[in-house]
Every structure is written in C-alpha cells, then in structure tokens.
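For clarity, every value in this text was computed on a predicted model and none was experimentally measured. Counting starts at 1 for both ligands and their atoms, in listed order. In this chain, numbering begins with 1 at the start of the sequence shown.
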Amino acid sequence: MTSGPTREPLDPVRFLTNASSGRMGAALATALLRRGARVVMVAGPGASVPRGARAVPVVTALQMHRRTLEESRRADVVIAAAAVGDWRFARVASRKIKRKGGGLTVRLLENPDIVAAVARARKAGRPFVVGFALETHDWIAHARSKLARKGLDLVVANKASVLASDRTRVALVSADSARVLPPMSKNAAARAVVARVEEMLRERL
Ligand code: C5P
C-alpha cells in the first residue's frame, strides 16, 4: 500500500506538500495485519507505519511511483491510500533560492498517476487494485468514473472535510455495486474496506 503525503522540493529547504495525515493508511495497514496479511507500506514523509508492516520510506511522488511499481509486482492487493502531490517543480535548485524582489515564477510538472500505473501493469488480473476518491459533491458518480478511468477494482469514496479527522464517511464502489456506509471511525472504515476486498477476492476464486 501507499500512504501519507508526498513532498516535492523547490530547493534544499523548501517544498510543496499537502495536509494528509496518513491516518487512513495506518488504519488500513493495521486492519490488514489483523487479517494475517503481509503488509508493505510505501510511506511518504510523516506517514506512520504500524509495527509488523515493512516500511519503504519515500519523499517525492516519483520515488513513490518507482518503489510502488517495484513492490506491486509481488503483491496480491495494492491499496493506494497516499495523497500523492499532483505536481512537482520543473527545476529543483541545488542552493537555497534568494529573494531578489519582484517575486518568483516557478513551473510545475504533473506527477504520474501511481495507482493507474499499477493497474495498467497488472498481469492476469493481479494484483487487485484499490484507490481512494476524496470528493466534495456527487461522490458516487465521481468514484465510478475514477474506477473506470484508472482501471481499478475498488474505489473507496470519501466525503471531503475528513482529511485531518478521526471519523470518516465512505462508500465502497466497484463495477457492479456501490455500498454507502454510515459515518464511522477511520479504524472501522479500514476494517470494512479490508472485509470488502476479501469478499471480492473470494468471489473471483
Ligand atoms: O485522481 P485522484 O487524486 O483524485 O485519485 C485519488 C487516488 O489515486 C488515490 O487512491 C491516490 O492514492 C491515487 N493517486 C496516485 N497517484 C497520483 C494521484 C493519485 O496513486 N499521482
């Protein structure tokens, strides 16, 4: 799984990141470990990795992309819970950038979509790929289009405003069903996600 934010350097002391706490990722890892899974967590800065999971620490989205594709070759299930930064700086200065008056113009490049790349690299339907969708409105419709566009097996739709909270509202969206769950703790939501993954894997046997 992936978890946490990513961090894109501008120079040796400045960076672009986001407010992901990595709490949902940690809750998922714990739920997976409880079900007897071996868990590898490709973890962005500050993401907590529960004892029992193997940590693959990364900083940038490009690092997360490379390490996740490597690890996912051996995985049965990939869960992309990271809040991957959409952009990185086109140029990273090797020295601290000095103020000169007149502001600073920077160019951003789009980062690769990691979970879509994992889904594209699947062989014979393996691994099973789960993504997240954080939405403010039309969350089921957006989750469905994300499922199709990225080629995922399951999308966990999240109502926005839960990024730094312990409670969450999720819907589990697959090609043929959408299950809207009541508000619950991130730990309970993580257990529900893992139960749904197990159920879908069993249906495939
Ligand atoms: O496209 P959006 O960012 O809304 O999709 C969210 C889902 O895609 C999450 O599962 C996230 O981990 C994953 N993602 C990714 N690589 C990106 C952007 C998002 O794996 N560059």
Cationic N near anionic O, under 4.0 Å, Glu135 to Lys159: no
At a heavy-atom distance under 4.0 Å, which protein residues reach ligand 1? Sort them by chain and number, would you? Ala80, Ala82, Val84, Pro112, Asp113, Ile114, Val115, Gly131, Phe132, Lys146, Lys150
I'd like to know if the side chain of Arg179 and the backbone of Val173 have a donor-acceptor N/O pair within less than 3.5 Å. no
Glu71 and Arg74 ion-paired at < 4.0 Å: yes
Is a side-chain N or O of Thr17 found less than 3.5 angstrom from the main chain of Thr6, in a donor-acceptor match? yes
Is the shortest side-chain N to carboxylate O distance from Asp11 to Arg95 below 4.0 Å? no
Can you confirm whether more than 12 heavy atoms, excluding those of Arg38, are under 6.0 Å from its CZ atom? no
